[in-house]
Amino acid sequence: MIRRIALLLTAFALLVAACGGGDDAVDTTTAAVATAQRIEQVSAQEAAALLADAPDGLVVLDVRTLDEFSGGHIADATMLDFYAAEFQDRLAGLDR
């Protein structure tokens with residue numbers, strides 16, 4: 001369950017990154033949400049609703065660079081730079 005939520009929020013973080021992180025952009029786009037066996041499109045509003053009523057143990061994983069993350073990010077997001085040499089090791093070290 002937590003893994004599914006983490007994947008959902010990773011997709012949401014990527015959506016925010018693609019839109020420049022502004023609230024206005026989030027309202028007009030959709031996100032790809034990865035669940036255990038499939039990928040589905042959800043609106044930004046649906047993703048925002050999940051964040052607004054986040055379950056215990058929710059992890060938002062932001063895989064952008066530090067510069068991108070510094071420009072704006074979801075509150076309490078965990079930043080893990082996709083381009084960093086240690087990305088795979090740090091990803092493997094996260095609590096699943």
Side-chain angles (χ1 to χ4, degrees):
M1 174 77 172
I2 291 175
R3 184 175 181 185
R4 289 181 193 167
I5 293 169
L7 288 171
L8 168 85
L9 291 175
T10 299
F12 182 71
L14 291 172
L15 166 73
V16 171
C19 297
D23 291 335
D24 294 336
V26 172
D27 291 338
T28 60
T29 57
T30 59
V33 176
T35 60
Q37 300 296 322
R38 60 192 167 92
I39 296 174
E40 64 182 88
Q41 293 290 100
V42 297
S43 71
Q45 291 81 8
E46 290 170 315
L50 177 62
L51 286 173
D53 189 25
D56 291 339
L58 178 71
V59 174
V60 176
L61 181 60
D62 190 325
V63 295
R64 298 176 299 152
T65 66
L66 180 58
D67 286 341
E68 293 166 328
F69 186 82
S70 297
H73 58 272
I74 296 170
D76 300 321
T78 299
M79 198 280 295
L80 183 59
D81 184 347
F82 178 78
Y83 295 106
E86 68 277 359
F87 174 78
Q88 290 292 335
D89 292 334
R90 289 190 59 208
L91 183 63
L94 295 175
D95 183 8
R96 303 237 180 242

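Model, not experiment: these values are computed from the prediction.
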Query raised in the report: Is the closest side-chain heavy-atom distance between P55 and L50 below 4.5 Å?
Result: yes
Query raised in the report: Does L94 share a hydrophobic cluster with F87, counting links as ILVMFWY side-chain heavy atoms below 4.5 Å and allowing steps through other members?
Result: yes
Query raised in the report: Which heavy atom of R64 sits nearest a heavy atom of M79, and at what distance?
Result: O-SD, 3.3 Å
Report task. Indicate if L66 and L80 have the same hydrophobic cluster label, given that clusters are the connected sets of ILVMFWY residues with side-chain heavy-atom separations under 4.5 angstrom. Result -> no
Query raised in the report: Less than 4.5 Å apart, any side-chain heavy atom of L51 and any of V60?
Result: yes
**Report entry** Common cluster, Y83/L91, ILVMFWY with side-chain heavy-atom separation under 4.5 Å
**Finding:** yes
